[in-house]
Amino acid sequence: MLTTESSSLYNDLDQMSVNEILNSINREDQTVPNAVQKVIPQIEALIEQIVPRMKKGGRLFYIGAGTSGRLGVVDASECPPTFGVPFDLVVGIIAGGDIAIRKAVENAEDDWNQAWIDLDAYHLTEDDTLIGLAASGRTPYVIGGLNEARKAGLLTGCVVCNNNSPVAEACEFPVEVIVGPEFLTGSTRMKSGTAQKLVLNMISTSVMIRLGKVKGNKMVDMQMTNEKLVNRAIHMIIDELGVSPDEAESLLDQYGSVRGAIEAVRK
């Protein structure tokens, strides 16, 4: 039996008090970071392959279905505002299309051919990377996409939560995070989803740091799309340059970004 489908360690959930439910879920959630830590070498190996390709103009694609697909879309959509990169540098694609982000699309994940059709619209090159996301490691949509991507010369990786899965077999650099049975049997939106989210955070953040999108510990290229982010940018400039808030605001207005302001002053 798949680890992700194995029976919960807890019985009679419907007889538990709310406090018992919450503490039991929390107890299980605490095991996830340890599971991720065990596969850091796998994550590192994948990132070390992604970075040189992206430095040559390659892009990063995520494909998945259900929770896994939604997590890929979330991670990809947060890269432009966080790191100031183009919206199509990191792309999340979910089985069933964007409507599936909010509403499950029947049988979308069972189509072996659709992922490559979805990806083909992006005119892929050998510098691009495709990461398949599938807690079970058995999703046909993801396996089909990885198989075709590999044939086309893309770098391929995955994030799964079972060992020796078809998805892992289909790619070159698998990341297999084994989190054990879910609190609610088979509900991989829980620990498995948390593990995938943690790994995606690690991948995208590490890649962007290596691409020079972070200075020190600051998001110097972030997009300032609201007042909160403008204020954050002003404080970054104050911290980096030791100027007054008024001076920082003036520099931000003049140069349009935290990076521009810092580099202009430090020439």
Side-chain angles (χ1 to χ4, degrees), residues 43 46-47 49-103 105 108-109 111-135 139-160 167 170-175 193 196-214 219 221-223 225:
I43 304 169
L46 176 56
I47 291 168
Q49 294 293 322
I50 294 171
V51 172
R53 285 169 170 79
M54 294 190 76
K55 285 183 176 178
K56 292 191 293 182
R59 297 160 292 174
L60 174 59
F61 292 86
Y62 302 131
I63 56 170
T67 297
S68 296
R70 293 181 188 102
L71 289 169
V73 170
V74 167
D75 193 74
S77 66
E78 289 176 348
C79 286
T82 304
F83 301 108
V85 297
F87 74 93
D88 56 355
L89 185 68
V90 182
V91 179
I93 298 173
I94 184 171
D98 284 356
I99 191 174
I101 295 171
R102 293 184 179 273
K103 182 179 179 181
V105 176
E109 70 175 60
D111 192 327
W112 293 84
N113 302 312
Q114 188 60 46
W116 191 243
I117 295 171
D118 294 341
L119 287 160
D120 192 52
Y122 291 90
H123 308 291
L124 303 172
T125 77
E126 292 185 358
D127 290 328
D128 293 329
T129 298
L130 178 63
I131 297 178
L133 307 173
T139 308
Y141 179 86
V142 175
I143 298 168
L146 288 170
N147 283 335
E148 293 303 316
R150 199 164 176 180
K151 289 178 191 175
L154 279 72
L155 174 69
T156 55
C158 72
V159 185
V160 297
V167 167
C171 72
E172 301 158 278
F173 291 90
V175 176
Q196 289 182 307
K197 173 60 175 167
L198 292 176
V199 173
L200 290 173
N201 285 349
M202 296 168 87
I203 291 172
S204 57
T205 304
S206 298
V207 165
M208 292 300 159
I209 290 171
R210 301 304 292 170
L211 291 177
K213 295 299 179 180
V214 171
M219 301 179 288
D221 291 323
M222 71 175 187
Q223 296 174 357
T225 54

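All heavy atoms count here, side chains included; hydrogens, waters and symmetry mates do not.
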Taking all atoms of both residues into account, what is the closest heavy-atom pair of [X] and [Y], and its distance?
X: Glu109; Y: Ala65; result: CB-CB, 3.4 Å
X: Val90; Y: Cys79; result: CG2-SG, 4.0 Å
X: Gly92; Y: Ala76; result: N-CB, 3.4 Å
X: Ala134; Y: Thr139; result: CB-OG1, 3.5 Å
X: Ile99; Y: Gly96; result: CG2-O, 3.4 Å

[X] versus [Y]: any side-chain heavy-atom pair under 4.5 Å?
X: Leu124; Y: Trp116; result: yes
X: Val207; Y: Ile47; result: yes
X: Met222; Y: Pro81; result: no
X: Val85; Y: Leu211; result: no
X: Ile93; Y: Val91; result: yes
X: Leu46; Y: Ile131; result: yes
X: Val167; Y: Leu146; result: yes
X: Leu155; Y: Met54; result: no

Would you say [Y] and [X] are linked by a side-chain donor-acceptor pair, where the criterion is simply a distance under 3.5 Å?
X: Lys197; Y: Asn201; answer: yes
X: Ser68; Y: Gln196; answer: yes
X: Tyr122; Y: Asp88; answer: no

[atom1]-[atom2] distance between [X] and [Y], expressed to the nearest 0.5 angstrom:
X: Leu130; Y: Phe61; atom1: CG; atom2: CZ; answer: 8.5 Å
X: Leu60; Y: Ile203; atom1: CG; atom2: CD1; answer: 7.5 Å
X: Asn113; Y: Asn147; atom1: CG; atom2: CG; answer: 10.5 Å
X: Asp128; Y: Lys56; atom1: CG; atom2: NZ; answer: 11.0 Å
X: Asp221; Y: Phe83; atom1: CG; atom2: CZ; answer: 9.5 Å
X: Leu154; Y: Arg59; atom1: CG; atom2: CZ; answer: 8.5 Å

Quiz item: Taking it one step at a time, do Met208 and Leu89 satisfy side chain to side chain contact (heavy atoms under 4.5 Å, CB included)?
Solution: CA-CA 11 Å; Met208 292 300 159; Leu89 185 68; 4.1 Å; yes
Quiz item: Are the side chain of Arg70 and the backbone N or O of Ala100 linked by a donor-acceptor pair below 3.5 Å?
Solution: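 Answer holds: yes.
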Exercise. Give a yes or no answer on whether the side chain of Thr205 reaches the backbone of Met202 with a donor-acceptor pair at less than 3.5 Å.
Key: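 Pair absent, no side-chain N/O of Thr205 close to backbone of Met202.
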Quiz item: Would Leu133 and Leu200 count as a side chain to side chain contact (heavy atoms under 4.5 Å, CB included) if you check the C-alpha gap in whole Å, the side-chain angles of each, and the deciding distance to 0.1 Å?
Solution: CA-CA 10 Å; Leu133 307 173; Leu200 290 173; 4.0 Å; yes
Exercise. Show your reasoning for whether side chain to side chain contact (heavy atoms under 4.5 Å, CB included) applies to Tyr62 and Cys158.
Key: CA-CA 9 Å; Tyr62 302 131; Cys158 72; over 6 Å; no
Practice problem: Report, as yes or no, whether the 6.0 Å neighbourhood of atom CD1 on Ile117 holds more than 12 heavy atoms from other residues, nucleotides or ligands. | Solution: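 Yes, enclosed.
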Exercise. Test Thr156 against every option in Glu148, Arg150, Glu172 by the side-chain hydrogen bond (donor to acceptor under 3.5 Å, both in side chains) rule and name the one that passes.
Key: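 Among the candidates, only Glu172 passes.
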Quiz item: Should the pair Arg53-Asp127 be classified as a salt bridge under the 4.0 Å nitrogen-to-oxygen rule?
Solution: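 Between Asp127 and Arg53 there is no salt bridge, as every charged N stays at least 4.0 Å from the carboxylate O atoms.
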